[in-house]
There are 2 protein chains.
Amino acid sequence: MNKKKQQIIEAAQILFIKKGFSVTSIQDILDAANISKGTFYNYFSSKTECLMAILSFIKEEVIYNRQQLSIGKSASDKHVFVKQIAARFHIDKKHNLMALFASLTSTDTAHQELKEFLNQQYLKEVCWMAERICEVFGEDRRKQSYDDAVTCFGTIHLTSKVLMDLGKTEVPIEETIYFSLQKIEQTGGQQPFLKEDYFLPYQQKKNTEDKNIKKQLQQVLIDLEPNVKKLKNKKLAYYQKFLLDQLTSDTPDLLLMESVISSYQNAVQDTDIEDKGRYIQILFMQLIEEEKGV
Amino acid sequence: MNKKKQQIIEAAQILFIKKGFSVTSIQDILDAANISKGTFYNYFSSKTECLMAILSFIKEEVIYNRQQLSIGKSASDKHVFVKQIAARFHIDKKHNLMALFASLTSTDTAHQELKEFLNQQYLKEVCWMAERICEVFGEDRRKQSYDDAVTCFGTIHLTSKVLMDLGKTEVPIEETIYFSLQKIEQTGGQQPFLKEDYFLPYQQKKNTEDKNIKKQLQQVLIDLEPNVKKLKNKKLAYYQKFLLDQLTSDTPDLLLMESVISSYQNAVQDTDIEDKGRYIQILFMQLIEEEKGV
DNA sequence: GCATTTATTGGACTACAGGTATAAAATAGT
DNA sequence: ACTATTTTATACCTGTAGTCCAATAAATGC
């Protein structure tokens with residue numbers, strides 16, 4: 001990640017939180033980030049794009065957080081599930097975007113791209129939740145898992161919103177989540193209302209085979225090849241080669257890889273592929289999870 | 001309702017629906033309504049206030065609609081309940097405000113007043129729903145009625161949103177509502193999560209005694225006295241007097257009153273108290289409902 | 001009918017927004 | 001040290017919400 005871009009994003013994020021999106025002018029961002037207008041438009045084509053970049057970061061943060069929570073825990077652990085759901089709310093709250101995520105479906109046609117971006121995000125969230133519900137409450141609920149996900153998600157959202165508007169800020173989100181899960185646990189048996197195939201386009205690629213993850217990892221590394229070259233960091237180049245070699249090998253040394261990936265991430269810190277480094281780490285953790293499962 | 005104000009509201013409403021709120025400039029409204037800037041700011045202090053006026057109208061429309069639906073039907077009729085819930089969605093949809101009602105809790109602090117206005121509206125909606133749930137599913141659910149209301153409301157909202165974003169526009173909202181009600185019917189027995197007293201400030205004044213409604217009606221008529229005088233309509237003045245007399249009487253002639261109120265409303269058409277006329281009619285219908293119940 | 005009050009007009013004006021364009025200065029790559 | 005890119009600072013464009021005000025039109029009181 002470019003230093004200037006980072007600077008802009010950090011300043012903008014603080015301002016969006018403190019003042020709100022539409023009341024924060026570009027000039028405000030320029031002043032706060034100590035950059036000029038030209039620079040801003042060099043990195044973002046609009047204010048909206050800047051917000052979307054911030055939201056993407058937050059999304060990654062959520063995914064990473066949930067991944068971390070699941071490590072070493074059973075997929076059917078309900079309390080892990082609750083914590084994972086809460087992760088979005090905590091991180092959204094941290095970024096003061098609680099509302100924005102669920103809403104911003106205003107009457108405006110102005111922020112169309114932003115709207116679609118958010119719609120996509122929460123449809124994916126519904127899919128994720130449906131999948132996790134199957135894992136936690138059993139495969140036999142799959143048929144109605146989307147019903148459950150929507151019920152649960154909707155209840156959580158409205159309940160937390162209501163509590164917030166009533167000024168009951170002391171109620172932790174986890175309690176609301178347990179309350180909502182209780183509701184779906186009690187229900188079942190009827191015909192599913194929301195069919196699974198509605199959501200097919202939004203389902204994340206399932207990690208059915210570790211081969212796929214391996215391929216994903218490989219692809220990411222290959223995509224990064226030119227960037228890595230450009231950085232002219234000998235160590236990094238070596239790590240790059242090593243990781244690719246291990247991935248094509250039938251007997252990859254996972255422990256060694258873990259260490260190397262850690263160094264890799266360190267090496268790309270403060271470069272424009274910093275975020276990719278983190279992504280690699282996430283993928284690798286998924287890989288390990290699966291190796292353990294086998 | 002003033003003619004010019006009406007003109008502005010009508011034009012603005014059409015534009016807000018067609019183009020969206022923030023993309024509609026005041027100039028657009030001026031052009032469409034054929035009025036000047038000065039006139040606009042004579043009636044509204046801002047564009048937001050104009051939107052709020054429109055939303056208030058819509059709210060009245062919903063209340064009126066629900067009132068109409070309940071006439072002659074049992075308070076415990078589930079299908080009436082469903083239709084009443086659907087009323088908000090249909091009317092919101094008609095005005096293309098579906099989204100705005102549930103959302104507009106964006107990161108903006110700009111539209112603070114608008115946000116609070118909407119928050120109040122939907123908190124009242126939750127209260128209304130909780131009350132109706134008690135009527136439909138029995139008093140013994142009162143303890144958990146707010147839990148149910150939030151679950152139901154949240155599920156309806158998210159489900160309809162999801163269906164919309166998935167392009168499944170052919171599913172009628174009533175189906176979604178039945179689905180959501182099914183969910184709350186299956187649940188119950190646990191400790192209530194949302195306590196009734198949280199919502200006290202938002203609960204509408206219950207019409208516990210018809211005396212209260214009578215008083216309300218009386219008050220409205222008394223408040224209108226100067227306006228009625230100003231209109232210099234002999235018939236209207238006579239109606240006004242007649243209605244007030246009947247209301248103080250112990251044996252009001254309800255059928256006659258109904259007829260007179262109808263004429264009353266006719267007489268105030270196109271005046272600045274037109275909306276009050278409708279309000280009187282609504283109050284009167286509530287009065288009749290209660291008289292029947294006794 | 002006339003005088004007074006009130007509503008309406010329409011444009012000038014302010015202050016600010018998002019975004020473009022550009023020449024000069026700073027920085028980095030080789 | 002030379003080149004290429006990035007960054008800066010500013011001027012500029014178009015459009016916005018909202019204020020102000022003198023001139024005009026319409027309603028109202030007498």
Side-chain angles (χ1 to χ4, degrees), chain A residues 1-12 15-16 19-53 106-114 226-234 270-272, chain B residues 1-9 11-12 15-16 19-54 106-114 226-233 270-273:
Chain A
M1 171 68 64
N2 188 292
K3 200 178 170 184
K4 284 279 168 189
K5 195 173 181 181
Q6 186 91 37
Q7 220 173 310
I8 297 170
I9 284 186
E10 276 169 17
L15 285 169
F16 289 165
K19 304 176 57 176
F21 175 64
S22 78
V23 263
T24 301
S25 70
I26 290 184
Q27 194 56 53
D28 290 336
I29 300 171
L30 305 185
D31 293 345
N34 257 313
I35 47 121
S36 74
K37 213 166 202 175
T39 310
F40 181 89
Y41 282 100
N42 188 25
Y43 289 106
F44 306 100
S45 66
S46 68
K47 207 173 76 168
T48 303
E49 203 183 280
C50 178
L51 174 61
M52 273 158 59
S106 79
T107 34
D108 281 351
T109 33
H111 305 286
Q112 192 60 41
E113 27 173 14
L114 187 55
N227 304 67
V228 169
K229 241 178 195 162
K230 217 175 166 186
L231 287 170
K232 309 222 162 167
N233 179 329
K234 277 179 192 169
D270 294 322
T271 72
D272 55 343
Chain B
M1 170 68 65
N2 189 293
K3 200 178 172 183
K4 285 279 167 188
K5 195 173 181 181
Q6 185 90 39
Q7 219 173 310
I8 297 169
I9 284 187
L15 285 170
F16 289 165
K19 304 176 59 176
F21 175 65
S22 80
V23 262
T24 300
S25 70
I26 288 184
Q27 194 56 53
D28 291 336
I29 301 171
L30 306 186
D31 293 346
N34 258 312
I35 47 121
S36 73
K37 211 166 206 173
T39 309
F40 181 89
Y41 281 100
N42 187 25
Y43 289 107
F44 306 101
S45 66
S46 68
K47 208 172 74 169
T48 302
E49 204 184 279
C50 178
L51 174 60
M52 274 159 58
I54 292 172
S106 80
T107 34
D108 281 351
T109 33
H111 306 286
Q112 191 60 40
E113 27 172 16
L114 187 55
N227 304 67
V228 168
K229 239 178 195 164
K230 219 172 164 188
L231 286 170
K232 309 218 165 173
N233 181 328
D270 294 322
T271 72
D272 55 343
I273 54 166

> Are A/Thr39 and A/Asn42 close enough, and set up right, to give a side chain to side chain donor-acceptor pair (under 3.5 Å), and what steps lead you there?
Replying inline: CA-CA 5 Å; A/Thr39 310; A/Asn42 188 25; over 6 Å; no
> Closest nucleotide of DNA chain D for A/Thr39 versus for B/Asp28: which of these residues is on the 5' side?
Replying inline: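 First, find each residue's nearest nucleotide; the 5'-ward one identifies A/Thr39.
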>> Please compare B/Gly38 and B/Thr24 by the position of their nearest nucleotide in DNA chain D and report the one closer to 5'.
In response: B/Thr24
> In terms of side-chain heavy atoms of B/Tyr41, which of D/dT19, C/dG18, D/dT6 is nearest?
Replying inline: D/dT19
>> Please pick, from C/dA17, C/dA7, D/dT6, the nucleotide with the shortest atom-to-atom distance to any side-chain atom of A/Ser25.
In response: C/dA17
Using whole Å, report how far [atom1] of [X] lies from [atom2] of [N].
| X | N | atom1 | atom2 | answer |
| --- | --- | --- | --- | --- |
| A/Asn42 | D/dA9 | CG | P | 15 Å |
| A/Ile26 | C/dA15 | CD1 | C1' | 17 Å |
| B/Phe44 | D/dT19 | CZ | C1' | 18 Å |
| B/Asn34 | C/dT8 | CG | C1' | 13 Å |
| B/Gln27 | C/dA12 | CD | P | 13 Å |
| A/Ile8 | D/dT6 | CD1 | P | 13 Å |
| B/Glu49 | D/dT19 | CD | P | 11 Å |
| B/Leu30 | C/dT8 | CG | C1' | 12 Å |

> Taking B/Glu49 for the side chain and B/Phe44 for the main chain, is one N or O donor matched with an acceptor at less than 3.5 Å?
Replying inline: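 Judged by distance alone, no pair lies under 3.5 Å.
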> Within the side chain of B/Lys5, is there an N or O that forms a donor-acceptor pair under 3.5 Å with the backbone of B/Phe40?
Replying inline: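 The answer is no, because no donor-acceptor pair under 3.5 Å joins these two groups.
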> Would you say C/dG10 has OP1 or OP2 under 4.0 Å from some side-chain N or O of B/Ser36?
Replying inline: no
> How many angstroms lie between atom CD1 of B/Ile35 and atom CD1 of B/Ile8, to the nearest 0.5 angstrom?
Replying inline: 4.0 Å
>> Distance check, rounded to the nearest 0.5 Å: A/Asp31 atom CG versus A/Ile26 atom CD1?
In response: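 If I round to the nearest 0.5 Å, the distance is 12.0 Å.
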> Base, sugar-phosphate, or nothing for B/Phe40, non-hydrogen atoms under 4.0 angstrom?
Replying inline: nothing
> Counting any heavy atom closer than 4.0 Å, what does A/Tyr43 reach on the DNA or RNA strands: base, sugar-phosphate only, or nothing?
Replying inline: sugar-phosphate
>> Quick check on DNA chain C: between A/Lys37 and B/Ile35, whose nearest nucleotide comes earlier from the 5' end?
In response: B/Ile35
